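Note sheet for the following structure.
Quantities reported herein were computed from a predicted structural model and do not represent experimental measurements. For the numbers below, each heavy atom of this structure counts, side chains included, while hydrogens, waters and symmetry mates do not.
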Amino acid sequence: MLLRLFPSISPPLSLSTGFRYIRPRASYGLYRGSREMGEKENSESEVIQVKNRATFRLCNVSSFTTEVLEIPADNPTLHVLVIPGNPGIVSFYKDFVESLYELLGGAASVTGKNWVFFVCHFRGCKVYANLFSNLCLSSAVGHISHTKKNWEHGRLFSLQEQIDHKMDFIKQELQNNEVPILLVGHSIGSYISLEMFKRSPEKVTTTLYSFVYYSFVTFCVGLYPFLALNRQSIQQSFIRKLAASRIISVVLSLIVALLGLFPIRLLRLIVTTFLGKLWSATAVEATCSHLVKYHTMRNVLFMAMTEFRKLSETPDWAFMREKQHKMAFLFGVDDHWGPLQMFEEISKQVPDAVLSIEREGHTHAFCCTEAGSMWVAEHVAGLIKNNQAS
């Protein structure tokens with residue numbers, strides 16, 4: 001939703017909550033580690049700053065052209081699959097995917113057989129944070145027809161069809177891959193990830209003497225999750241009515257598409273000035289190349305309409321309790337899509353899920369700023385590391 005990308009930016013309130021996960025303040029890199037003071041730096045632990053860039057590719061998933069953003073790794077032990085919100089444009093998540101990859105071993109020096117080290121600064125002191133040395137494969141898969149080109153010729157796709165599409169992507173791209181999958185969903189992508197987790201089969205590998213069972217999806221992280229309607233939100237009520245009207249949706253999509261006819265320099269200026277003064281160049285470019293398209297905007301609104309219908313139902317608390325040790329959620333302080341009422345409800349219904357509240361002021365649209373992408377990537381990297389260690 002457009003308004004999901006343009007939330008009001010206000011300083012977060014100070015809340016007192018019982019976190020199971022705490023992030024110390026680090027100026028760069030990781031936030032878990034031990035201080036090394038008064039010792040000379042070992043030359044073997046010098047960090048090699050090599051930025052791994054995410055690449056885009058098109059693939060055909062169940063006859064639908066799909067945009068994929070990925071950073072492959074040699075012999076990965078984990079596949080992190082990012083499920084976007086709405087709009088489901090993977091370009092918005094480029095900074096996040098690249099930062100997450102780096103934090104999971106993409107830009108580090110191997111100083112020992114089983115250790116990888118990152119060097120960052122913790123209030124002036126060196127911090128060495130160890131990570132598993134095997135690289136993970138990170139990728140993000142976009143929603144059908146939330147694309148640069150009108151590949152599906154104006155067809156509209158519902159929330160359920162987008163869920164089916166993501167399951168088809170896993171079956172097609174990862175069915176012969178025994179590397180465990182970790183899902184990271186943003187906004188409505190959190191709901192999609194939970195549905196994928198629910199539908200994920202137990203995969204069986206045959207060995208010479210026995211059967212080895214392991215879960216196809218092993219962990220699920222929800223970022224600023226949209227899991228149920230917030231009936232107290234005036235913004236949601238407005239968007240729900242707007243998306244429910246076919247006439248209004250068509251008119252709004254036409255207006256947005258007209259902006260796409262502007263010269264690219266003028267369009268970038270408009271987006272930067274009126275929509276994203278604090279946005280990264282990546283987010284501005286994603287808006288100009290993908291969002292100001294008639295087919296994209298129509299699908300954004302149509303999917304939103306189906307979201308509101310589906311999320312009027314009560315969340316599947318039974319399933320979430322069953323998998324509570326395999327899921328984590330990050331909420332924002334002032335986020336009507338994932339309000340703190342939902343944080344409190346999950347803490348009651350799913351007591352052993354890892355719950356956190358972001359109080360750095362990065363907002364629901366964290367992926368639109370470099371600072372937000374980096375902070376959330378640090379948070380998710382910490383969750384993954386803790387999950388892999390347990």
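If you chain together hydrophobic residues whose side chains sit under 4.5 Å apart, L301 and Y294 never meet in one group. In terms of hydrophobic clustering, with Ile, Leu, Val, Met, Phe, Trp and Tyr side chains grouped at heavy-atom distances under 4.5 Å, V256 and F262 are assigned to a common cluster. Connection of F308 to F238 is established within a shared hydrophobic cluster, with ILVMFWY side chains joined at heavy-atom distances below 4.5 Å, either directly or through further cluster members. Criterion: ILVMFWY side-chain heavy atoms under 4.5 Å apart, direct or through other members. Under it, W151 and V292 are not part of a common hydrophobic cluster. Cluster annotation: M305 is not connected to V251 through the hydrophobic network of ILVMFWY side chains, with a link wherever side-chain heavy atoms come within less than 4.5 Å.
Judged as a salt bridge (charged side-chain N to carboxylate O under 4.0 Å, His left out), not a single pair has a partner in residues 237-249 (not counting sequence neighbours). Counting only residues at least two apart or in different chains, salt bridge (charged side-chain N to carboxylate O under 4.0 Å, His left out) contacts with residues 258-276 comprise R268-E285. Residues in residues 222-234 take part in no salt bridge (charged side-chain N to carboxylate O under 4.0 Å, His left out) pair, two or more places apart or across chains.
The residues D164 and R199 are annotated as salt-bridged, a charged nitrogen and a carboxylate oxygen being separated by less than 4.0 angstrom.
Contact annotation: the side chain of I181 never approaches that of T218 to less than 4.5 Å [non-hydrogen atoms, C-beta and beyond]. For the pair L69/S139, no side-chain contact is recorded, criterion being any heavy-atom separation below 4.5 Å from C-beta on. Side-chain atoms of D335 and T363, non-hydrogen and from C-beta on, never get closer than 4.5 Å to each other. The closest side-chain heavy-atom distance from E307 to F302 is not below 4.5 Å. For the pair N86/F226, no side-chain contact is recorded, criterion being any heavy-atom separation below 4.5 Å from C-beta on. Counting heavy atoms from C-beta on, the side chains of V68 and L58 never come closer than 4.5 Å. Two residues are said to be in side-chain contact when any heavy atoms from C-beta on lie closer than 4.5 Å; V82 and V97 meet this criterion. By the 4.5 Å heavy-atom criterion applied to side chains, W279 and T272 are not counted as neighbours.
Between the side chains of H364 and S187, a donor-acceptor pair is found at a separation under 3.5 Å.
Atom CD1 of I234 has 12 or fewer neighbouring heavy atoms from other residues, nucleotides or ligands inside a 6.0 Å radius. With a 6.0 Å radius and a threshold of 12 heavy atoms from other residues, nucleotides or ligands, I247 has its CD1 atom at or below the threshold.
Partners of K198 according to the salt bridge (Lys or Arg N to Asp or Glu O under 4.0 Å) rule, which considers only residues two or more places apart in sequence or in another chain, are E195, D316. Considering only residues two or more places apart in sequence or on other chains, S280 meets the side chain to side chain contact (heavy atoms under 4.5 Å, CB included) condition with D95, T282, A283, E370. Not counting sequence neighbours, the partners of S233 by the side-chain hydrogen bond (donor to acceptor under 3.5 Å, both in side chains) test are H336. Among residues two or more places apart in sequence or in another chain, the side-chain hydrogen bond (donor to acceptor under 3.5 Å, both in side chains) test is passed with S237 by none. Take F319 and apply the ring pair (Phe, Tyr, Trp, His ring centres under 6.0 Å) test, not counting sequence neighbours, and it matches F197. By the ring pair (Phe, Tyr, Trp, His ring centres under 6.0 Å) test, F331 is found to be paired with F343, residues two or more places apart in sequence or in another chain being considered. Judged as a side-chain hydrogen bond (donor to acceptor under 3.5 Å, both in side chains), and not counting sequence neighbours, K293 has no contacts. Among residues two or more places apart in sequence or in another chain, the ring pair (Phe, Tyr, Trp, His ring centres under 6.0 Å) test is passed with H143 by H146.
In this structure, the side chain of Q349 does not engage the main chain of W317 through any donor-acceptor pair within 3.5 Å. Remark: the backbone N or O of E360 is paired with a side-chain donor or acceptor of E358 at under 3.5 angstrom. In this structure, the side chain of D352 does not engage the main chain of Q324 through any donor-acceptor pair within 3.5 Å. A donor-acceptor pair under 3.5 Å is formed between the side chain of K166 and the backbone N or O of Q162. In this structure, the side chain of S190 engages the main chain of G185 through a donor-acceptor pair within 3.5 Å. The backbone N or O of H295 sits less than 3.5 Å from a side-chain atom of N299, completing a donor-acceptor pair. S312 places a side-chain N or O within 3.5 Å of a backbone atom of R309 that can act as its donor or acceptor partner. For the pair T296 (side chain) and T147 (backbone), a donor-acceptor distance under 3.5 Å is present. In this structure a side-chain-to-backbone donor-acceptor pair under 3.5 Å is present from S373 to T369. Side chain of E152 to main chain of T65: a donor-acceptor pair is present (N/O by atom type, distance under 3.5 Å, no hydrogens or angles).
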Can L267 and L261 be said to form a side chain to side chain contact (heavy atoms under 4.5 Å, CB included), step by step?
CA-CA 9 Å; L267 182 57; L261 300 178; over 6 Å; no
Does the pair E98 and R53 meet the rule for a salt bridge (charged side-chain N to carboxylate O under 4.0 Å, His left out), with working shown?
CA-CA 6 Å; E98 290 177 347; R53 296 295 180 183; 3.4 Å; yes
Does R57 form a salt bridge (charged side-chain N to carboxylate O under 4.0 Å, His left out) with E173? I'd like the steps, not just the answer.
CA-CA 13 Å; R57 69 177 174 92; E173 298 286 318; 2.9 Å; yes
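When all heavy atoms are compared, the tightest approach of T306 to L159 is OG1-N, 3.0 Å. Across A54 and I71, no two heavy atoms sit closer than the pair CA-CG1, 3.5 Å. Closest of all the heavy-atom pairs between G142 and H165 is O-CE1, 3.4 Å. Across all non-hydrogen atoms, the minimal contact from S145 to R155 is OG-O, 4.0 Å. The two residues V179 and H79 have their closest heavy-atom pair at CG1-N, 3.5 Å. The shortest heavy-atom contact between L81 and I170 is CD2-CG1, 3.9 Å.
F64 belongs to a hydrophobic cluster whose other members, connected by ILVMFWY side-chain contacts under 4.5 Å either directly or through intermediates, are I144, F157.
In this pair, Y224 and H186 present their aromatic rings perpendicular. The plane angle is above 60°, beyond the 30 to 60° band.
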